[in-house]
Trainee: 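Starting off with a structure, shown below.
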Amino acid sequence: MADQQLLSLIEQMTLEEKIAQLIQLAVPFFEGAQESGQITGPMESLGITDDIVSNAGSVLGLAGAEEVIAVQEAHLRKNRLKIPLLMMADIVHGFKTIFPVPLAMGSSWDPGLAERSAEIAAREAAVSGLHVTFAPMVDLARDPRWGRVMESTGEDPYLNSEFARAFVRGFQGDDLSGDLNRLAACVKHFAAYGAGEGGRDYNTVDMSERQLREYYLPAYKAALDEGVEMVMTAFNTVDGIPATGNKRLMRDLLRREWGFDGVLISDWGAVKELIPHGVAEDEAEAALRAIEAGVDIEMMTSSYVHHLPDMVREGRVDESLIDEAVLRILSLKKRLGLFVRPVRGADPQAEREIVFCEEHRQAAREAAAKSCVLLKNDSLLPLRGGQRVALIGPFAASGDILGPWSWTGSKEDAVTLEQGLRSKLSPGALTVAEGCGVNVMTGQQLEEAMKAAKEADVIVLALGEDSEMSGEAGSRAIITLPQPQLELIQHLKKLDKPMVAVLFNGRPLDLHGVWDEVDAVLEAWFPGSEGGAAIASLLTGEANPSGRLSMSFPYSVGQVPVYYNHFNTGRPKDAPDAQVRYVSQYLDIPNEPLLPFGFGLSYTEFVYGKMTLSSDEMSPNQPLEITVSVTNAGDMAGEEVIQLYVRDRFGEVVRPVRELKAFRKVLLQPGERQEITFTLTEEQLRYHHSDLSFISDQGEFDIMVGKNSRDTETRRFRLRK
């Protein structure tokens with residue numbers, strides 16, 4: 001169907017039919033769905049008529065090939081112009097085969113792995129009838145109190161941008177129209193959703209435009225450059241105006257400056273939420289603000305369908321705004337091939353063969369192993385053959401390791417840590433006790449744990465947050481482990497047995513009560529369907545940990561937000577001439593995080609040679625080459641992440657103490673040495689100046705290479721123009 005045909009189709013539509021294309025409704029509204037007619041509570045108050053449903057443009061949260069086919073066919077029988085529905089859902093880190101949460105994938109420092117995970121998620125979702133996923137979320141996250149840090153890939157704009165591109169490539173592929181195994185991706189949440197005050201979800205965001213452009217916008221732009229089909233608005237304010245009604249953000253920046261002509265969708269209920277935000281008096285004004293801002297689809301509120309028709313007739317809204325929104329929606333349906341094949345890739349037989357197949361589970365297992373980060377190891381790991389192991393903790397035998405946004409995943413299908421260890425250890429070597437629940441401990445639980453621990457040579461603690469303690473609306477002010485788990489550690493500590501803590505969680509934690517009490521800490525995040533198998537392979541040395549933190553672990557929640565690319569201040573604590581008191585510091589805790597961005601240990605040792613530069617000067621036409629040798633000095637193969645940081649020593653505005661500009665993940669065999677060369681260009685030194693111009697500064701720069709953002713070697717060079 002050519003664009004002219006789409007325009008002709010729009011001409012045939014009544015005003016009400018066009019506006020109905022702009023609403024997204026949940027599954028119960030649609031004939032053919034198993035939940036059809038189960039419209040209760042807030043959904044009942046939307047006032048949705050049969051006419052609106054028969055002309056609606058998209059469905060939220062429907063999956064399953066047979067059900068999708070039934071709903072689409074029923075819809076086409078009712079829709080006068082036979083316009084198919086778009087099927088959308090949150091396929092964030094897997095469909096049925098659940099991969100590690102995005103924060104964990106970010107800690108893999110392996111965009112290729114992320115791309116493969118998205119490709120598999122798309123394949124399973126597409127064969128089950130879906131067309132669009134509300135992913136990737138690329139919001140930069142600096143505050144671990146915010147529950148949705150688990151859905152971000154971390155605190156760095158460059159690393160986040162690399163993962164944004166990878167996820168979009170994985171979901172959409174090279175030929176979205178022809179490849180029925182792919183989904184249209186929707187980057188979210190535009191913009192700066194991760195910067196809510198106090199780490200509280202949906203909360204106010206207030207920052208300068210320079211800060212916004214420098215740190216928070218790059219990953220969204222990277223997704224757009226990769227061809228992402230959709231953008232979702234954020235719940236928060238941007239410069240005092242809620243994103244969903246922010247014309248300057250959506251029309252001026254997203255559409256005009258960046259040239260995005262895809263579909264813009266609100267988040268759930270965000271159009272109507274313009275009222276409690278205080279920028280709309282009622283739903284009519286909310287609809288006006290959103291359509292003028294360029295929001296094409298209103299998700300799960302009905303302000304558009306109830307108020308835009310009258311406002312168009314009264315001349316308050318130009319009908320061309322409706323037409324352009326409808327055209328964008330129909331154009332996406334055309335690119336997905338829905339006018340030719342309304343059910344697209346939905347195939348019940350293929351669904352049974354593909355979804356949760358062994359090939360996909362193996363990929364999830366690899367991703368989980370590469371996403372875990374070894375945080376501490378006092379010569380305890382890997383476990384040695386013949387050791388008697390007590391596996392203790394609320395996650396010892398729990399399938400609640402998928403994490404938030406694992407909508408169609410099954411906890412019952414997840415490989416637990418107990419199952420994983422039993423497959424690796426000799427018969428009789430493993431005893432298991434719960435010890436406590438996530439948030440409660442009974443006397444019997446403790447008694448069983450102490451008995452199991454007394455008979456063991458080493459204790460493996462499976463601790464963390466349950467999946468409801470992070471994710472959307474999962475903000476926490478206190479980010480230590482729950483008290484019963486800390487008490488469990490204290491009781492077991494009395495036995496003076498070596499202990500390793502395996503952490504299941506969706507955010508960086510305050511590790512007080514854990515860090516000094518155990519001999520090793522393995523951060524497993526929410527590792528997904530194959531988590532137990534992957535972790536067992538790491539604990540037993542079958543695999544070598546290679547993850548590196550993509551978000552700093554605070555020493556205390558009192559530091560938050562704490563991140564590596566901070567400013568120096570005029571009174572830095574570490575200055576050579578710093579005073580004892582009158583410097584930027586806390587009196588009671590360190591300034592530095594417990595564990596910095598980029599940190600992670602291995603079972604082998606990587607030794608760095610001296611860094612060399614191709615020159616002490618660079619220019620726009622003469623890039624700089626940075627070379628460093630890395631040797632695996634241990635007796636086990638391992639992957640190292642070589643990280644390159646830059647500091648602009650004297651900027652037109654203050655620059656961070658360091659910024660990640662490149663990284664390389666390399667596999668080295670025992671004794672193997674590789675020479676790694678990075679090429680740094682003048683473009684990589686550009687930033688937003690006070691007038692928002694994006695240029696570089698002539699002058700001195702520090703270049704730093706090392707194994708994390710803290711432990712680096714530094715050299716200096718000069719940029720000349």
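Numbering starts at 1 and runs along the sequence shown. All values below come from the heavy atoms of this structure, side chains included, with hydrogens, waters and symmetry mates left out. Since the model is a prediction, treat every value here as computed from it, not as a measurement.
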Trainee: Between K454 and E448 (salt bridge meaning N to carboxylate O under 4.0 Å), is one present in this structure?
Mentor: no
Trainee: Applying side chain to side chain contact (heavy atoms under 4.5 Å, CB included) between C436 and each of Q483, E487, Q485, H491, report the one that passes.
Mentor: Q485
Trainee: Has K451 got more than 12 heavy atoms of other residues, nucleotides or ligands less than 6.0 Å from its NZ?
Mentor: no
Trainee: What is the minimum heavy-atom distance between G532 and I401, and which atoms define it?
Mentor: N-CD1, 4.0 Å
Trainee: Is it true that T631 and E672 share a donor-acceptor pair across their side chains at a distance under 3.5 Å?
Mentor: no
Trainee: Locate the shortest heavy-atom distance separating V500 from L539; write the atom from each residue and the value.
Mentor: CG2-CD2, 4.5 Å
Trainee: With a 4.5 Å heavy-atom cut-off, do D635 and T604 have their side chains touching?
Mentor: no
Trainee: From L481 CG over to M469 CE, what is the distance, rounded to the nearest 0.5 angstrom?
Mentor: 8.0 Å
Trainee: Relative to each other, are the rings of H189 and Y193 parallel, tilted or perpendicular (30° and 60° limits)?
Mentor: perpendicular
Trainee: Return yes if some donor-acceptor pair links the side-chain N/O of S152 with the main-chain N/O of V149 below 3.5 Å, else return no.
Mentor: no
Trainee: Tell me, please, which residues at least two apart from E366 pass salt bridge (Lys or Arg N to Asp or Glu O under 4.0 Å).
Mentor: K370
Trainee: Working to the nearest 0.5 angstrom, can you tell me the gap between L492 CG and M499 CE?
Mentor: 6.0 Å
Trainee: Are more than 12 heavy atoms, taken from residues, nucleotides or ligands other than R200, located less than 6.0 Å from that residue's CZ atom?
Mentor: no
Trainee: Has the side chain of N377 got a donor or acceptor atom that lies under 3.5 Å from a matching backbone atom of L380?
Mentor: yes
Trainee: Output yes when a side-chain donor or acceptor of E151 lies under 3.5 Å from a complementary backbone atom of P404, and no otherwise.
Mentor: no
Trainee: Once you measure the plane-to-plane angle for F597 and Y564, does it fall in the parallel (<30°), tilted (30-60°) or perpendicular (>60°) bin?
Mentor: parallel
Trainee: Is any NZ, NE, NH1 or NH2 atom of the basic residue among K188 and D90 found under 4.0 Å from an Asp or Glu carboxylate oxygen of the other?
Mentor: yes
Trainee: Salt bridge check, R548 against E640: does any charged N sit closer than 4.0 Å to a carboxylate O?
Mentor: yes
Trainee: Would you find a donor on one side and an acceptor on the other, under 3.5 Å apart, between the side chain of S475 and the backbone of D201?
Mentor: yes
Trainee: Mind listing the closest non-hydrogen atom pair of A166 and P111 along with its distance?
Mentor: CB-O, 3.3 Å
Trainee: What closest approach, in Å, do F171 and A135 show between heavy atoms, and which atom pair accounts for it?
Mentor: CE1-CB, 3.8 Å
Trainee: Might you confirm whether atom NZ of K665 has over 12 heavy atoms from other residues, nucleotides or ligands at distances under 6.0 Å?
Mentor: yes
Trainee: Atom CZ in R658, atom CG in N565: separation rounded to 0.5 Å?
Mentor: 10.5 Å
Trainee: Identify, with sequence neighbours excluded, every residue that meets salt bridge (Lys or Arg N to Asp or Glu O under 4.0 Å) alongside D143.
Mentor: R145
Trainee: Taking atom CG as the centre, does D588 end up with more than 12 heavy-atom neighbours from other residues, nucleotides or ligands that are less than 6.0 angstrom away?
Mentor: yes
Trainee: Donor-acceptor pair, distance only, cut-off 3.5 Å: does the side chain of S423 make one with the backbone of G420?
Mentor: yes
Trainee: Kindly compute the distance separating CG (D267) from CE (M232), expressed to the nearest 0.5 Å.
Mentor: 4.5 Å
Trainee: So how far is it from E639 CD to S602 OG, rounded to the nearest 0.5 Å?
Mentor: 9.5 Å
Trainee: Keeping the roles fixed (side chain from K96, backbone from V355), state whether a donor-acceptor pair exists under 3.5 Å.
Mentor: no
Trainee: Checking K707 against W109: charged group under 6.0 Å from the ring centre and within 45 degrees of the axis?
Mentor: no
Trainee: Find the distance between CD1 (I392) and CG (L488) and round it off to the nearest 0.5 Å.
Mentor: 6.5 Å
Trainee: Of F235, W146, W268, which meets ring-ring contact (aromatic ring centres under 6.0 Å, His included) against Y202?
Mentor: F235
Trainee: Does atom CD (Q362) have a neighbourhood of more than 12 heavy atoms from anything else shown, all under 6.0 Å?
Mentor: yes
Trainee: Any non-hydrogen side-chain atom of P508 less than 4.5 Å from a side-chain atom of L103?
Mentor: yes
Trainee: Check whether NZ of the Lys or CZ of the Arg R142 lies under 6.0 Å from the centre of the six-membered ring of Y215 and within 45 degrees of that ring's axis.
Mentor: yes
Trainee: State yes or no: are the ring centers of H93 and F526 separated by less than 6.0 Å?
Mentor: no
